[in-house]
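Presented below is the structure to which this report refers.
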Amino acid sequence: MPLQPGDPAPDFTLSATAGETVSLGALKGRKVVLYFYPKDDTSGCTLEAQSFNALRSAFADAGTDVIGVSPDSLKSHDKFRAKYGLDLTLASDEAKDMLQAYGVWAEKSMYGRKYIGVERTTVLIDQAGRVAQVWSKVKVPGHAEAVLEAARAL
């Protein structure tokens, strides 16, 4: 069953860009945006990353950390960040454990072919570590702005 507002957010610890390790436990007391995306350096994922990146100071002013998560490797994330001048934290879940815990590793369909992959989803977590809001099957235009407004409202 997908995560619902009020649910405790599943804990995680992942390797991230810039040699960081990110974990939900270490972020307790802060609001957290986890945006799950399928693949580095693809058109939709690039636009989404650029949108969140452009608003990173506004998210910081709202006391909110933004973390992008995909199954791509850290090497892929580093190249993606460098290519587009991104200053976002990108976490790697190559094992897909966290992606499964958050219910975003799912069956998808493209051109009639079914496959398993990341369903573009964003989860806003409150300061107590509970799910505040979930956006499923995200359409990228205007999405980062909507997430920022929800974070400000918490």
Side-chain angles (χ1 to χ4, degrees), residues 1-74 76-78 80-81 84-106 117-154:
M1 183 163 170
L3 290 174
Q4 300 293 319
D7 288 349
D11 198 10
F12 63 88
T13 300
L14 294 174
S15 296
T17 48
E20 295 179 60
T21 298
V22 293
S23 71
L24 188 58
L27 296 168
K28 197 96 167 193
R30 293 192 50 82
K31 295 176 271 186
V32 179
V33 169
L34 298 174
Y35 79 91
F36 298 94
Y37 66 99
K39 188 157 181 53
D40 290 337
D41 207 9
T42 56
S43 60
C45 297
T46 299
L47 181 59
E48 185 175 28
Q50 289 172 323
S51 298
F52 276 112
N53 194 66
L55 296 173
R56 69 186 183 282
S57 63
F59 276 104
D61 290 346
T64 306
D65 293 301
V66 177
I67 302 166
V69 183
S70 87
D72 290 323
S73 68
L74 288 177
S76 175
H77 284 345
D78 287 337
F80 182 47
R81 287 179 77 210
Y84 295 100
L86 302 173
D87 195 26
L88 288 172
T89 298
L90 300 179
S92 175
D93 186 16
E94 291 183 89
K96 301 166 188 76
D97 294 334
M98 184 226 196
L99 297 171
Q100 289 176 7
Y102 277 79
V104 301
W105 188 248
V118 175
E119 183 176 288
R120 191 181 308 277
T121 304
T122 300
V123 178
L124 175 61
I125 301 168
D126 68 17
Q127 298 93 322
R130 294 204 166 274
V131 174
Q133 195 162 344
V134 178
W135 292 263
S136 299
K137 298 183 181 178
V138 167
K139 302 290 183 233
V140 174
H143 176 64
E145 293 82 356
V147 175
L148 175 60
E149 289 309 308
R152 285 177 172 154
L154 270 183

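Keep in mind that this is a model prediction, so the values were computed, not measured.
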Quiz item: Roughly how far apart are S43 OG and L47 CG, rounded to 0.5 Å?
Solution: 8.0 Å
Quiz item: Sub-3.5 Å donor-acceptor pair from the side chain of T46 to the main-chain atoms of T42, do we have one?
Solution: yes
Quiz prompt | Value rounded to 0.5 Å, distance of CG in L14 from CD1 in I67 | solution = 8.5 Å
Practice problem: Name the orientation class of the two ring planes belonging to F52 and F59 (parallel below 30°, tilted from 30 to 60°, perpendicular beyond 60°). | Solution: tilted
Quiz prompt | Gap separating the CG atom of D93 from the CZ atom of F12, nearest 0.5 angstrom | solution = 10.0 Å
Self-check item: Donor-acceptor contact present, side-chain N53 to main-chain D87, <3.5 Å
Solution: yes
Quiz prompt | From K31 atom NZ to D126 atom CG, the distance as rounded to the nearest 0.5 Å | solution = 9.5 Å
Exercise. Would you name the heavy atoms of R30 and T64 that are closest together and state the gap between them?
Key: NH2-N, 3.7 Å
Quiz prompt | Spacing of D11 atom CG and K28 atom NZ [to the nearest 0.5 Å] | solution = 8.0 Å
Exercise. Find out whether S70 and D40 are in side-chain contact, i.e. whether some heavy atom of one side chain is under 4.5 Å from a heavy atom of the other.
Key: yes
Quiz item: Relative to each other, are the rings of H77 and Y37 parallel, tilted or perpendicular (30° and 60° limits)?
Solution: tilted
Quiz item: What pair of heavy atoms forms the shortest contact from D72 to S92, and how long is it?
Solution: O-OG, 2.6 Å
Exercise. Quick one: pull up CZ in R81 and OG1 in T17 and give me the separation to the nearest 0.5 Å.
Key: 3.5 Å
Quiz item: How are the rings of Y102 and F36 set relative to one another: parallel (under 30°), tilted (30 to 60°) or perpendicular (over 60°)?
Solution: tilted
Quiz prompt | Nearest heavy-atom neighbours spanning S23 and T13 | solution = CB-OG1, 3.4 Å
